[in-house]
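Before any comments, here is the structure.
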Amino acid sequence: MVYIPFLSSDWEPAGKHVFITGGSQGLGLALAKLLASRGSDVTIVARSVSKLEKAAADIMSCRKDNAQLVSFYSADLSSFEHSAEAIKWSASSSAATSSHPASSPVGRLADAVFCCAGFAKPGFFIEQTEEDFKAHIQMDYMTALSTSHAAARAMAAANHKGKIVFVSSTVGLMGMVGYASYSPMKFAIRGLAESLRSEMLLYGISVHCYFPGTILSPGYEVENRTKPELTKKLEGPPEDGMTPEQCARGLLKGVQRGHFFITTDILTELFRANTGTGGSVPGNNWLLDRAKAFVALIALPIWRRFEHDRTIRAHAAQHHREVGTLSLSSRPYTSLFLLSLLHRFLSLSLLCIIPSLIVQPFDSSAQLLSPTTSSSSSSPWRLTDWLVRWDSIHFLGAASPEPLPASGDGVGGGGYQWEQTLAFQPGLVWLLRLAGYSVQGRWSLDAAVGWTTVLAVLSSSLCPPLLYHILCSVLSQPPLALVAALLSILSPSPSTLVTPTPEPFFSLFALLGIALLSPPIDASTKRASSSWSGATVLQALLSSFCFAVAVAFRANGLLLAGYIWYALIWDRPVSSSLPLRLSSATTLTIFTASPFVLSQLWAKDRFCSAADRRPWCDEGLGIVYSFVQSEHWRVAEWSSLDSHDRY
Ligand SMILES: NC(=O)C1=CN([C@@H]2O[C@H](COP(=O)(O)OP(=O)(O)OC[C@H]3O[C@@H](n4cnc5c(N)ncnc54)[C@H](OP(=O)(O)O)[C@@H]3O)[C@@H](O)[C@H]2O)C=CC1
Ligand SMILES: CCCCCCCCCCCCCCCC(=O)[C@@H](N)CO
C-alpha cells in the first residue's frame with residue numbers, strides 16, 4: 001500500500017501509543033506530558049530509573065483519562081541491542097518490572113517513536129578529545145539510529161504505518177563554534193531522517209525531523225557549564241530560548257500538520273527554508289517556503305558576515321589568551337633562534353671576515369688599532385680587523401684601562417677620556433672591559449672584541465623569537481607574528497648585530513622587558529588576569545629592571561618607560577586605586593631611567609669640577625648627552641657633515 005501524504009488528515013494522538021526516548025526530562029518529558037494530556041498512551045525510555053519513576057508519575061498526572069497507560073523503561077539507547085529490547089518490551093505483555101504503577105509495558109507496538117534522547121558537551125574543537133567526539137557519536141547519533149532502526153524493523157515487520165520523529169537542532173542546519181562535536185551528529189540525524197523519509201515510503205511509515213533552537217531544559221543547564229563564552233554569546237541569553245513545553249507544542253503541531261522538517265523559531269526557519277527545502281526534502285508550504293528562502297538569501301549572508309563571523313574574529317584575542325591556543329612547545333621559538341643564528345654567522349663571515357681577508361674591510365676603523373694588531377701578529381686571528389666597525393672603536397677606547405696604542409688620533413683609551421664619548425652609555429664599555437680581562441690577567445683587546453661578539457650574536461639571535469612571543473599575544477595572529485619575526489631577522493644593518501655594538505644587548509633587554517609586561521595567565525581560569533596582584537607588581541618590577549639594563553646600553557631606552565605606563569595605567573583594568581598605579585609607574589620610570597641619570601651625574605662630577613668647565617656644565621639641565629649630540633654630532637642639523645672634523 002502506498003502512503004499518500006496529501007490525503008492523510010491531521011495526525012490524532014488520542015488513543016495512540018507514543019514511545020519517547022529521553023522522556024525523563026527536558027523536551028522528552030514535556031512532550032510525554034503534552035501527549036498524555038491529548039489522550040496518548042506513553043512509554044518513556046532513558047537510563048536513570050529514579051528520574052524515569054519521577055517523570056512517569058508526573059506524566060500520569062497529566063492524563064486526560066485514567067485508563068491511559070504510562071510506562072517507563074530503563075535502557076542505554078546507544079546500544080542497538082538495548083534499543084531493540086526497549087521497543088520489543090513496550091509492545092509485549094511482560095510483567096511489571098517494579099511496584100511502580102508505570103512499570104508495566106503498554107503492550108502494543110508504538111504508533112509514534114520520538115527520538116528525544118541526546119546530549120551536548122560544547123567546547124572548542126582543538127580542546128576536545130577522542131572521548132568527547134565518541135560520546136557525541138554514541139549519545140546523539142547512535143541513540144537516534146538504534147531507536148529508529150529498532151522501530152522501523154518492528155513497524156515494517158508488523159506492517160504498522162507508524163511515525164518516526166527525530167530531534168536534530170538548529171545546529172543540524174548550520175554549524176557553529178563550540179559545537180564541532182555535537183552539530184555533525186545533528187547533521188547526521190538530518191541525513192538519516194532524509195534517507196528514511198525516502199525509504200520508509202515503502203512501508204507507509206512517516207518520518208519527521210525537528211530542529212529546535214535553545215531549549216531551557218536540564219540538559220541546557222549542564223551543557224552551559226562547559227560551553228565557551230563565545231558560543232553563549234552567539235547563541236544569545238537564556239531569555240532567547242524556549243521552554244521544553246513551548247518546544248513540545250511546536251513539535252506536535254508540526255507532526256500533526258505532516259511537516260517533514262519542523263522548526264519553532266524564526267532563525268531556524270530561515271535556515272530550513274534556505275538549505276533544508278527543495279530537492280529531496282518536502283517543503284511545508286510551497287509559497288511561504290520560497291518567500292522565506294528569499295529573505296534568508298538576503299539576510300543570512302549579511303548576518304553571517306557582519307554579525308556572526310565578526311563576533312568570532314573580535315573574540316580571537318581573548319580566545320588565544322584563554323585557551324593558550326598554541327602551546328609553548330609547538331611555537332617555532334627554536335627554529336626562529338636557529339635561523340637568526342644562521343643569519344648572524346652568514347653576516348659575520350660574508351660581511352666581516354671574508355671581505356677583510358680578501359680586500360680592505362669596507363669600514364677601516366679597525367686600522368686605527370693597527371699597532372696593537374701588528375704587535376700580536378703571531379696570532380692568525382685578526383679579530384679587531386674583522387669585527388671593529390664604526391663606533392666600536394670609541395667604545396673600545398673607553399673600555400681599555402690604559403690608552404690604546406692607536407695609530408690615529410681620537411681613539412684615546414683609559415676610560416672616558418674624550419668628551420664626545422660621554423654620550424655613550426656605559427653598558428657596552430663595561431661589557432668590553434669585563435670581557436677583556438677574561439683570558440689573561442692583563443686586559444686584552446682581542447678577548448674584549450671576541451667575547452663581546454659571541455654575546456652580541458647570541459643576544460641578537462634571541463630577539464626574533466622574543467618578538468614573535470610578544471606579537472602573538474598582541475596580535476593574536478600567530479601566522480602574522482611569524483612573518484614579522486622572520487622579517488626582523490633580516491636587519492638593514494646586519495653587521496651591527498654581530499660586532500661589539502650596544503644594539504644587540506639593547507634590543508634583547510628592551511624585548512625582554514616588553515614580554516614581561518604582558519598580563520600573566522591565571523592557571524585556574526585560563527584567562528589573562530585582570531586584577532592587581534603580587535605577580536603584576538613583580539612583573540612590572542622585573543620589566544623595569546630589563547628596561548634599565550637597556551638604558552645602560554642606549555639612552556633612547558628611556559622611551560621604554562612608556563610601556564610601563566601603558567601596562568599599569570591604560571591596559572589593565574586593575575582593581576587598585578589610580579594614585580597607587582600612578583605612583584608605581586612613576587617609581588618604575590625613575591628606576592628605568594636611573595642608568596642614564598647616574599651616568600650624566602657621574603660625567604658632571606668628573607668633568608665639571610675642573611677649572612676649565614665645559615659649557616654643558618652650566619647650560620640648561622647640565623646634561624652632557626644632549627651637548628655631545630648637538631656639538632659633536634650635530635644631530636638634527638642639516639650641516640651634520642661638517643662635524644666630521646671634530647672627531
Ligand atoms: N537543550 C537545548 O538547547 C537543545 C536540545 N536539542 C536536542 O533536543 C533533545 C532534548 O534535549 P534536552 O531536553 O535538552 O535534553 P536533556 O539533556 O535535558 O535530557 C536528555 C534526556 O535523554 C536521556 N538520555 C540521554 N542519553 C541517553 C542514552 N544514552 N540512553 C537513553 N536515554 C538517554 C536522558 O536521561 P538519562 O540521562 O537518565 O539517560 C534525558 O532523559 C536532545 O536530542 C538535544 O540534543 C536540540 C537543540 C537545543
Ligand atoms: C538573521 C538572524 C540572526 C540570529 C542570530 C542567532 C545566532 C545562532 C543561534 C544558534 C542557536 C543554536 C541552538 C541549538 C543549540 C543546541 O542544539 C544545543 N543547545 C544542544 O543542547
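Atoms within each ligand, like the ligands themselves, are counted from 1 in listed order.
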Task: Those atoms of ligand 2 less than 4.0 Å from some heavy atom in A120 - done: 20 (C), 21 (O)
Task: Close N or O approach (W303, ligand 2; < 3.5 Å) - done: no
TODO: Check the surroundings of atom NZ in K54: do more than 12 heavy atoms from other residues, nucleotides or ligands lie under 6.0 Å from it?
DONE: no
TODO: Would you check if S206 and F260 make a side-chain contact, meaning some heavy-atom pair closer than 4.5 Å?
DONE: no
Task: Contact residues of ligand 1, where a non-hydrogen atom lies under 4.0 Å away - done: G22, S24, Q25, G26, L27, A46, R47, S48, K51, A75, D76, L77, C116, A117, G118, M139, T143, V167, S168, S169, Y182, K186, P212, G213, T214, I215, S217, P218, G219, Y220
Open item on the list: How far is atom 20 (C) of ligand 2 from the closest protein heavy atom, and which atom is that?
Closed with: Y182 OH, 3.0 Å
Open item on the list: Aromatic contact between F261 and H208, with the criterion being ring centroids under 6.0 Å apart: yes or no?
Closed with: no
Task: Side chain to side chain, Q246 and R249, heavy atoms closer than 4.5 Å - done: yes
Task: Among S168, G118, G241, S169, closest by any non-hydrogen atom to atom 17 (O) of ligand 2 - done: S169
- [ ] Could you see which bit of M176 sits under 4.0 Å from ligand 2, with heavy atoms only: side chain, backbone, both or neither?
- [x] side chain
Task: Electrostatic pair D111-K161, nearest N-O below 4.0 angstrom - done: no
Open item on the list: Quick check: closest heavy atoms across L270 and A296, and the distance to 0.1 Å?
Closed with: O-CB, 3.6 Å
Task: Side-chain donor-acceptor pair present, D76, S79, cut-off under 3.5 Å - done: no
Do any side-chain atoms of residues 189-199 form donor-acceptor pairs under 3.5 angstrom with protein atoms, and if so which ones, sequence neighbours left out?
unit_1: R190; atom_1: NH1; unit_2: G172; atom_2: O; d: 3.1
unit_1: S195; atom_1: OG; unit_2: G191; atom_2: O; d: 2.8
unit_1: R197; atom_1: NH2; unit_2: S280; atom_2: O; d: 3.2

TODO: Can you figure out which of L267, L216, I298 has its heavy atom closest to atom 6 (C) of ligand 2?
DONE: L267
TODO: Taking all non-hydrogen atoms of both residues into account, name the closest pair between A102 and M60 and its distance.
DONE: CB-SD, 4.3 Å
Task: Test of ring centre spacing under 6.0 Å for F72 and H100 - done: yes
Task: Aromatic ring proximity F19/F114, centre distance under 6.0 Å - done: no
Open item on the list: Taking a cutoff of less than 4.0 Å between a non-hydrogen atom of the residue and any ligand atom, is K186 in contact with ligand 2?
Closed with: no
TODO: Look at atom 21 (O) of ligand 2 and say which protein heavy atom is nearest, naming residue and atom and giving the distance to 0.1 Å.
DONE: E223 OE1, 2.5 Å
TODO: Classify the contact between L234 and ligand 2 as side chain, backbone, both or neither, using a heavy-atom distance cut-off of under 4.0 Å.
DONE: backbone
- [ ] Look at ligand 2 and say whether F119 reaches it with a heavy atom at a distance under 4.0 Å.
- [x] no
TODO: Establish, yes or no, whether a centroid distance under 6.0 Å links the rings of F80 and H149.
DONE: yes
Open item on the list: Tell me the nearest of E235, R304, H308 to atom 11 (C) of ligand 2, using heavy-atom distances.
Closed with: E235
- [ ] Provide, to 0.1 Å, the distance between atom 15 (C) of ligand 2 and the closest protein heavy atom, together with that atom's residue and name.
- [x] Y179 OH, 3.6 Å
TODO: Report yes if some N/O of T170 lies less than 3.5 Å from some N/O of ligand 2; otherwise report no.
DONE: no
